[in-house]
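Data block below; observations after.
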Amino acid sequence: MAGAVCAVVNVLESYRGRDRLIRTLCYSCQLIGGVGEERCGGRRLLIVASQLSHCRTVLRLFDDLSMLAYSLQYGLGKKEKDGLIRWISVLGNICDQLYYPCEHVAWAADAGVLHIKSDKWWTASTALWALSLLVGMIRSLRRLIKLKRSEGEHSE
């Protein structure tokens with residue numbers, strides 16, 4: 001039992017670990033709340049999911065510098081041997097870099113800090129997030145294809 005508690009504490013002490021736990025709880029509450037009946041607390045779970053999602057949005061206000069540092073470190077991907085993966089990765093970094101300020105402006109508008117409508121900013125941040133996911137999937141597929149090809153070459 002003490003080992004399990006220590007493992008959870010170790011996860012919660014890191015930003016990434018805490019975010020993963022909050023994200024998992026958020027999506028679990030959305031799933032269960034979405035299919036659950038009201039007498040089973042479905043609506044309450046959706047409220048919890050909404051609050052956890054809001055929590056993650058606020059915590060992402062502090063991700064800009066780490067994302068910028070990562071993007072600058074990657075640069076134009078000169079160390080990447082595959083040109084397609086290099087440019088896909090650069091595109092993904094651009095999407096991620098633009099995503100954060102859009103989400104911050106949307107959040108600030110919703111919080112009343114900025115006196116503008118947030119809907120266009122939420123749409124832009126969602127589009128950039130979706131494009132980043134798509135780019136990541138394409139990059140992963142490209143790597144998988146390359147791995148399969150290299151396995152085929154080595155097995156013959």
Testing the basics here: between [X] and [Y], what is the closest heavy-atom pair and its distance to 0.1 Å?
X    : Y    : answer
R86  : K81  : NH2-O, 3.9 Å
L46  : G34  : CD2-N, 3.8 Å
V90  : G75  : CG2-O, 3.7 Å
A109 : K117 : CB-C, 4.4 Å
S89  : R139 : OG-CD, 3.2 Å

Sidechain-backbone polar pair: [X] side chain, [Y] backbone, donor-acceptor under 3.5 Å:
X    : Y    : result
S132 : L128 : no
S53  : A49  : no
T24  : R20  : yes
R142 : I85  : no

Are [X] and [Y] connected in the hydrophobic side-chain network, where two residues link if heavy atoms are under 4.5 Å apart?
X   : Y    : answer
L59 : V48  : yes
L45 : I47  : no
L21 : I32  : no
L52 : Y15  : yes
L98 : L131 : no

Looking at side-chain heavy atoms only, is the closest gap between [X] and [Y] below 4.5 Å?
X   : Y    : result
H54 : W107 : yes
L76 : W87  : yes
R16 : D19  : no
Y27 : L31  : no
N93 : M67  : yes

Between atom [atom1] of [X] and atom [atom2] of [Y], what is the distance when rounded to the nearest 0.5 Å?
X    : Y    : atom1 : atom2 : value
D110 : D119 : CG    : CG    : 9.0 Å
W129 : C102 : CH2   : SG    : 15.0 Å
R44  : C29  : CZ    : SG    : 12.0 Å
D63  : R56  : CG    : CZ    : 9.5 Å
Q30  : L25  : CD    : CG    : 11.5 Å
R143 : L84  : CZ    : CG    : 10.5 Å

Would you mind listing the cluster partners of V9? Hydrophobic ones only (ILVMFWY), side-chain contacts under 4.5 Å, chaining allowed.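 Its cluster partners, ordered by chain and number, are V5.
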
Working note: W121 + I116, criterion side chain to side chain contact (heavy atoms under 4.5 Å, CB included); need CA distance, chi angles, decisive distance, verdict. CA-CA 10 Å; W121 291 99; I116 60 172; 3.5 Å; yes

Would you say CH2 of W122 has more than 12 non-hydrogen atoms from neighbouring residues, nucleotides or ligands within 6.0 angstrom?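 For W122, atom CH2 is crowded (more than 12 foreign heavy atoms under 6.0 Å).
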
Can you tell me if K146 has over 12 outside heavy atoms packed within less than 6.0 Å of its NZ?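 Result for NZ/K146: enclosed.
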
Parallel, tilted or perpendicular, as decided by the 30° and 60° cut-offs, for the rings of Y74 and Y70: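 Correct class here is parallel.
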
